[in-house]
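Everything below concerns the one structure shown next.
Counting convention: from 1, in listed order, for ligands and their atoms alike. Bear in mind that the values here come from a model prediction, so they are computed numbers and not experimental data.
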Amino acid sequence: MTIFISMCLCVNHVVTTPAAARPRDISSEYYPENLLSAKTFRVPTSLPSLCVRKGRSVAELTAIAPDLSGLIVILSSIASKKSVDVLGGSLVKVFDGGLLISLFVDYTDSGLSPEGIEHSLGGIGVVESLSVNGALAKGVAVNSHMFPLMMGDKRAVVFAVDYFCDMMEHLRERLGEAANALLYDMGHKYGEAFARSLRTETSLTGDELVRLSLAEVQASGWCVLENYQADANKMVWRLSVKELFECSKRRPGASVNRSHFFRGFLSGLFEEAFGLVNISCVETLCQANVADACDFALWV
Ligand SMILES: [Zn+2]
């Protein structure tokens, strides 16, 4: 499990604060070209909700520090106990300005109990509160603070892609082709609402709003944008994405493209961004079949 807020020196002009505490502050330093930068650092990120380590002693350690200095002290204290392995966690700014850090730790090699770890760290004056929640079962710990999950100022929920794809497949088995039309319609509605909200927040429109939206869905784990081409005069767009959640189950030899929700999302997004109606969107190549990416074409 990776730490949710990675301590790296990668500065993006658009997102300069940790995702877990991300205020939707698009500053004057906003540069659309950075959204498609090939230099962007990417790492698989685990939502710090559940930690499973079979046969190991794991716990959730939570501390509230009044400021960054206090947080560094508690992290240094944990780091000094070399037998305590930090597996991942989250950092959130709480209401009074303090910082809450929640970490999953593997303390098997320390020989300590959860109470022992809490006691050994508890004497640090810069920490307002510290608690160690032991495992639910051997090798299983859960985050007890992370609710509700937020994306910007909106509440969000997370589904596992495999389960979501299974649900879509089940829908196709029940409804046949009608299921694809339904998914397209749902995606279209989502794309409209998504673009409208982002436009209200940023005042961006057109191509810039599309680029920002695609960057945001990438940050939400939907897919990785590989290529985006726009012909503003002809009102024609092409884009290519990889690892799209809808098409993540590879089926070599299949000839049917799998994306219906996302192509609906794109049509709704582009309509809202450009103030148009009836934008068509087709998936011309699909990674679920034999292609390296899912390619989409849009036109008025
Ligand atoms: Zn596809």
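- Between the side chains of Tyr228 and Ser240, no donor-acceptor pair is found at a separation under 3.5 Å.
- Glu283 and His260 share no side-chain donor-acceptor pair at under 3.5 Å.
- For the side chain to side chain contact (heavy atoms under 4.5 Å, CB included) criterion with Leu239, the lone passing option out of Leu214, Asp295, Asn227 is Leu214.
- Summarising the geometry, atom SG belonging to Cys165 is positioned 14.5 Å from atom NE2 belonging to His170; distances are rounded to the nearest 0.5 Å.
- Protein N/O/S atoms closer to the Zn ion (ligand 1) than 2.8 Å number 4 in this structure.
- Using modelled atom types, one finds no donor on one side chain facing an acceptor on the other under 3.5 Å when comparing Tyr107 with Asp85.
- Between Trp222 and Phe262, the ring-plane angle classifies as perpendicular under the 30° and 60° cut-offs.
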